Amino acid sequence: MSHRTLFYGLGPIGLKAAELAKNRSDLEIVAAVDVDPTLVGKDLGNLLGLDPLGVEVTDDSITAVAMTRPDLIVHCTSSWLPRVETELLSCLEAGVNIVSSTEELLWPCLSHPEIADRLDKAALASGAAILGTGVNPGFIMDSLPLFASSVCWAVRKAECRRTLDAAQRRIPFQNKVGVGLDLEEFEAKAATGAFGHIGLRESIALLGAGLGFELDKIEQAVEPIVAEHDVTVGDRTLGTGKVLGLRNTGTGSSAGETVISMDFQAYFGCEAPMDEVILDSDPPMHLQIPGGTHGDLATAAMLINAGVRLLETGPGLKTMLQIPLPRVGA
């Protein structure tokens, strides 16, 4: 069976996801949506560096959904749930399943319970399902440690660390973690609360729920990583005092005890990227991924693999705890 698929948002992640979907026999690309006027009217195949697919990019999502009647929408437009609520609701009301890279959608009831309720009600009413996922949040600091716990009899604490080289990531990601800013610019952006890595608190909430921890407090802190000397990667150099990126730490506590701790670092010129999960458990578990997980490719792959699994569930707002195990292949 081939699932009719619409791609909503054609930035680097959306295009990579479409490229991956093109090579799956169980997915058929039927539409592409983006508000960028430089993309509208172009063939999606050409944007992927392929022969034309006969799928012309449009900025009218409502008409695209009505005309092509997709089974699944792969949605990649923003990290912030309030900014995409209208987009998501219009697709759900048309009865279409959605898998989205919106980080706050991983565990939406944490910061936006009202929006989560509206999405769930719309999905239930139309018979559709909706899921937020990706590589982080969505895998490294939540689903991966949960899967590791499947061979444990008890888990007392969980530690997750992710360190990556921002120089190897797309420019929008570099901008999101503050690469190249002056310290004062970083602090001003951080003070808005709408800057930096998004999703750490959501990962803590999902992991806590999955491990059965009754979290009564989730805290996080964001701080800049500043160049102590000139740092050069390729043809770009950041001078002493420039912001290389950020460190985002977080904890989840139960009855006054820290049971989850997370440390996310993304900075320009990181020489030893790595992902790590440590469970204080029976038996103890310690996982390391030297070199780390390729963020952009992994996010696109998770969207496709989890999106196919989402179609196997019933209607409503879903989390990674509620879908069949994502995997490669149909």
Side-chain angles (χ1 to χ4, degrees), residues 1-36 39 43-45 47-48 50 53 55-62 64-79 81 83-92 94-106 108 119 123 128-139 170 172 199 295-313 317-320 323-324 326-330:
M1 180 179 179
S2 184
H3 305 294
R4 297 170 62 81
T5 308
L6 180 152
F7 286 85
Y8 195 150
L10 301 175
I13 300 300
L15 286 175
K16 176 56 70 173
E19 179 185 338
L20 299 180
K22 175 69 173 58
N23 295 314
R24 284 190 65 136
S25 61
D26 57 343
L27 296 177
E28 176 190 1
I29 301 175
V30 296
V33 175
D34 199 290
V35 297
D36 185 344
L39 301 181
D43 188 274
L44 178 60
L47 296 178
L48 297 175
L50 306 172
L53 297 177
V55 176
E56 186 176 289
V57 178
T58 177
D59 59 3
D60 185 347
S61 62
I62 294 177
V65 168
M67 292 185 63
T68 61
R69 301 177 63 185
D71 303 304
L72 176 68
I73 290 174
V74 179
H75 174 271
C76 307
T77 66
S78 176
S79 299
L81 195 51
R83 297 181 186 177
V84 301
E85 180 186 3
T86 299
E87 297 173 356
L88 298 176
L89 281 174
S90 68
C91 297
L92 289 174
V96 185
N97 302 288
I98 305 170
V99 61
S100 175
S101 63
T102 297
E103 287 95 328
E104 290 190 323
L105 188 59
L106 181 88
L119 292 174
I130 178 171
L131 171 74
T133 191
V135 65
N136 189 47
F139 179 66
R170 65 194 188 280
D296 293 356
L297 176 57
T299 296
M302 177 62 90
L303 287 169
I304 296 300
N305 294 330
V308 172
R309 301 280 82 83
L310 179 66
L311 298 177
E312 301 172 14
T313 70
L317 175 60
K318 306 295 182 180
T319 72
M320 291 296 287
I323 68 168
R327 59 189 185 276
V328 171

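Predicted model only: the values in this text are computed from it and were never measured.
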Checklist outcome for this item: Between V135 and A298, the two heavy atoms sitting closest are CG2-CB, 3.6 Å
Item to check | Side chain T102, main chain E104, donor-acceptor under 3.5 Å | outcome: no
Next on the checklist: Quick check for you: to the nearest 0.5 Å, what is the distance between N305 atom CG and L303 atom CG?
Outcome noted: 9.5 Å
Checklist entry - Just wondering, do C91 and Y8 contact through their side chains at under 4.5 Å, heavy atoms? => result yes
Item to check | Verdict with reasoning, V35 to T77, per side chain to side chain contact (heavy atoms under 4.5 Å, CB included) | outcome: CA-CA 10 Å; V35 297; T77 66; over 6 Å; no
Checklist outcome for this item: Closest heavy-atom pair, G132 versus M320, reported as atoms and distance to 0.1 Å, is O-CG, 4.4 Å
Next on the checklist: Measuring only between side-chain heavy atoms, which start at C-beta, is P324 closer than 4.5 Å to T313?
Outcome noted: yes
Next on the checklist: With a 4.5 Å cut-off on side-chain heavy atoms, are V308 and R327 touching?
Outcome noted: no
Checklist entry - Checking salt bridge (charged side-chain N to carboxylate O under 4.0 Å, His left out) for the pair E19/K16: CA distance, chi angles, key distance, verdict? => result CA-CA 5 Å; E19 179 185 338; K16 176 56 70 173; 3.3 Å; yes
Item to check | Between NE2 on residue H3 and CZ on residue R24, distance to nearest 0.5 Å | outcome: 8.5 Å
Item to check | Main-chain N/O of D296 paired to R170 side chain as donor or acceptor, under 3.5 Å | outcome: no
Next on the checklist: I'd like to check K22 versus L50 (side-chain heavy atoms, cut-off strictly below 4.5 Å). Are they in contact?
Outcome noted: yes
Next on the checklist: Determine whether L310 and I130 satisfy the following criterion, side chain to side chain contact (heavy atoms under 4.5 Å, CB included), listing intermediate values before the conclusion.
Outcome noted: CA-CA 8 Å; L310 179 66; I130 178 171; 5.8 Å; no
Checklist entry - At their closest point, which heavy atom of F7 faces which heavy atom of A21, and how far apart are they? => result CZ-CB, 3.5 Å
Item to check | Student check: side-chain heavy atoms of L10 and D36 closer than 4.5 Å | outcome: no
Checklist entry - Do side-chain atoms of N97 reach the backbone of A129 as a donor and acceptor pair under 3.5 angstrom? => result yes
Checklist entry - Are I73 and V99 side-chain neighbours, meaning at least one heavy-atom pair lies under 4.5 Å? => result no
Checklist entry - Backbone N or O of V55 within a donor-acceptor pair of the D43 side chain at under 3.5 Å? => result yes
Checklist entry - Is there a donor-acceptor contact under 3.5 Å from the side chain of D71 to the main chain of R4? => result yes
Next on the checklist: L27 vs I304, test: side chain to side chain contact (heavy atoms under 4.5 Å, CB included). Steps then yes/no.
Outcome noted: CA-CA 9 Å; L27 296 177; I304 296 300; 3.7 Å; yes
Next on the checklist: Quick check: closest heavy atoms across V57 and L39, and the distance to 0.1 Å?
Outcome noted: CB-O, 3.4 Å
Next on the checklist: Using every non-hydrogen atom in the two residues, find where A300 and A17 come nearest and quote the distance to one decimal.
Outcome noted: CB-N, 3.6 Å
Checklist outcome for this item: Note: A128 and L92 closest approach over all heavy atoms is CB-CD2, 4.0 Å
Item to check | From CA spacing to verdict: side chain to side chain contact (heavy atoms under 4.5 Å, CB included), E85, L89 | outcome: CA-CA 6 Å; E85 180 186 3; L89 281 174; 3.6 Å; yes
Next on the checklist: Would you compute the distance between atom CG of L131 and atom CG of L106 and round it to the nearest 0.5 angstrom?
Outcome noted: 8.0 Å
Checklist entry - If you measure from CG on D60 to CE on M67, what distance do you get to the nearest 0.5 Å? => result 9.5 Å
Checklist entry - Hey, is the main chain of S2 close enough, under 3.5 Å, to the side chain of E28 for a donor-acceptor pair? => result no
Checklist entry - Looking at side-chain heavy atoms only, is the closest gap between T299 and T133 below 4.5 Å? => result no
Checklist entry - Does the side chain of V74 reach to within under 4.5 Å of the side chain of T5, using non-hydrogen atoms? => result yes
Next on the checklist: To the closest 0.5 Å, what do you measure between CG (L105) and OG (S79)?
Outcome noted: 11.5 Å
Item to check | From CG (L15) to CG (L44), nearest 0.5 Å | outcome: 7.0 Å
